[in-house]
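Okay, structure first, notes after.
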Amino acid sequence: MTDLQQLEVWFITGSQHLYGNEALKQVEAHSKEITSALQAAKSIPVKLVFKAVVKSGDEAYQICMEANGAPSCIGLITWCHTFSPSKMWINGLKILQKPILHLHTQYNRDIPWSSIDMDFMNLNQAAHGDREHGFIMSRMRLNRKVVAGFWREEAVQNQIGAWSRAAAAWSDWQGARFCRFGDNMREVAVTDGNKVAAQMRFGFSVNGFGIGDLVQVIDQVEESQIERLIKSYKSSYSLGTPEKSSFTKSVRDAARIELGLRSFLARGGFKGFTTTFEDLHGLAQLPGLPAQRLMSEGYGFGAEGDWKTCALLRAFKVMAKGLKGGTSFMEDYTYHLDPKDPKVLGAHMLEICPSIARNKPSLEVHPLGIGGKEDPARLVFDTAPGEAVNVSLVDMGNRFRMILNEVSVVAPDKPLKKLPVARAIWKCKPDFKTAVSAWIYGGGAHHTVFSQAVSTEMVEDFARMADVELLIIDEGTTLRKFQSELRNNEVYYGLKNWPSG
Ligand code: MN
């Protein structure tokens with residue numbers, strides 16, 4: 001996965017010639033100082049590059065052209081230390097294809113009460129300069145993030161950090177390829193959708209392959225590679241069911257599938273893949289352990305042909321890079337409906353990412369019960385208590401919609417001794433009934449991306465970059481307001497008349 005340090009956010013300061021050279025030199029020096037401070041901020045994982053003090057329409061246009069053409073540039077931060085008349089920004093902003101963050105800050109934190117004079121006033125004009133800058137972006141209906149406050153303030157830097165993580169994920173999606181083995185599982189609706197619309201809106205493509213193409217690569221895997229991989233399994237995981245007669249063969253088959261998958265994905269330059277347990281012809285077992293291990297390395301994954309969740313998981317993996325807490329494919333599986341303490345048990349048949357494991361995962365072999373294949377190998381573990389988000393991406397026909405629920409992971413009431421899959425137990429915000437009813441009114445899927453690293457703020461920034469609807473279910477949600485938001489959004493997105501869904 002791309003090193004976030006290699007990605008650049010360009011810092012651009014708006015001004016004009018009116019101020020004269022001396023003032024402009026000061027503006028540039030101050031801008032460089034702010035850029036360096038942001039570069040040094042722990043919460044900002046990307047490279048900050050001061051680019052220019054923009055003083056004319058030509059310069060604004062040039063810098064936006066340059067940003068569009070620079071693969072390492074994932075977004076722009078703009079700020080108007082002094083006043084920058086916004087008509088000169090129109091042509092540049094019109095062609096800009098990179099995300100934008102408008103930093104509404106000021107070089108000085110405090111008003112110098114006893115020494116302030118008109119020279120100081122004329123240099124430190126962000127309070128009105130940034131209003132002009134904001135107007136033109138609102139007038140042009142441009143999506144952007146506005147961050148307000150002193151540039152050394154931790155909260156301000158955290159907001160910029162969240163946005164730059166979202167911008168990294170957005171950049172990662174552009175031109176990304178996801179590999180889909182087989183098609184959708186039978187008649188499931190929510191995992192399907194318009195892949196052409198997705199490519200137009202999100203920038204990634206979904207490429208279908210017959211499972212036989214993968215089997216061919218798996219058959220070429222060498223025995224010595226398998227031996228090496230099994231050794232690394234043994235050092236990474238505890239062996240949960242070594243007494244089973246099928247254990248050795250099953251783990252061996254899983255290792256063979258992992259090596260084949262790895263090589264297939266690498267050759268095709270894929271950033272994620274989907275499988276379906278209905279289409280496994282030529283595979284000994286459903287790829288459980290291989291999917292779990294590839295997810296933990298940053299690959300997107302979706303079960304049952306779910307290419308939308310696969311792509312979303314990849315984006316979350318990029319946003320989460322280097323942060324504490326894991327990120328996984330997830331499914332709302334079953335409920336604990338005690339009215340005093342309702343909870344959700346999230347899991348999947350096999351494919352949950354070990355990045356969310358509380359302890360060393362246990363490598364186990366058990367029958368699957370469906371699919372009619374041999375017993376697959378999988379990692380079994382619990383998830384550590386703490387805050388998390390569940391996010392779903394669905395196709396509403398005239399648009400895509402993201403739905404996010406903030407949840408709190410809790411320990412199971414009792415050890416789940418007989419459950420042979422990885423799992424997480426959580427409580428929904430604001431409460432179980434409101435959350436699941438809102439989720440169902442919103443059409444949220446049973447499949448989600450679950451993350452203990454990605455914040456709601458990052459997802460909001462990401463949705464804004466994608467210009468996609470986002471419904472948030474959190475402490476403040478009431479069903480009445482939520483349903484009203486659903487109705488209002490129908491009108492808004494209907495009027496917007498997107499060509500690409
Ligand atoms: Mn599923």
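Order of appearance sets the numbers: ligands from 1, and atoms from 1 within every ligand. Values below: all heavy atoms of this structure, side chains included; hydrogens, waters and symmetry mates excluded.
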Provide the protein N, O or S atoms situated under 2.8 Å from the Mn ion (ligand 1); waters are not included.
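Listed by chain and number, the atoms are Glu304 OE1, Glu331 OE1, His348 NE2, His447 NE2.
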Check for me whether the distance between the ring centres of Phe270 and Phe178 falls short of 6.0 Å.
no
Does Phe264 form a ring-ring contact (aromatic ring centres under 6.0 Å, His included) with Phe181? I'd like the steps, not just the answer.
CA-CA 11 Å; Phe264 193 97; Phe181 296 113; 5.2 Å; yes
Answer yes when Arg252 and Glu227 have at least one side-chain N-carboxylate O distance shorter than 4.0 Å, and no when they do not.
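Result for this pair is yes, salt bridge flagged.
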Applying side chain to side chain donor-acceptor pair (under 3.5 Å) as the test, list every pair that has at least one member in residues 374-384; sequence neighbours left out.
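Every pair satisfying side chain to side chain donor-acceptor pair (under 3.5 Å) with a residue in residues 374-384: Lys249-Glu374, Asp382-Arg423.
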Please identify each residue that fulfils side-chain contact (heavy atoms from CB on, under 4.5 Å) with Ala166, with sequence neighbours left out.
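Ala166 satisfies side-chain contact (heavy atoms from CB on, under 4.5 Å) with Met319, Asp461, Phe462, Met465 only.
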Checking Lys231 now: which residues fulfil side-chain contact (heavy atoms from CB on, under 4.5 Å) with it, not counting sequence neighbours?
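side-chain contact (heavy atoms from CB on, under 4.5 Å) check on Lys231 returns nothing, list empty.
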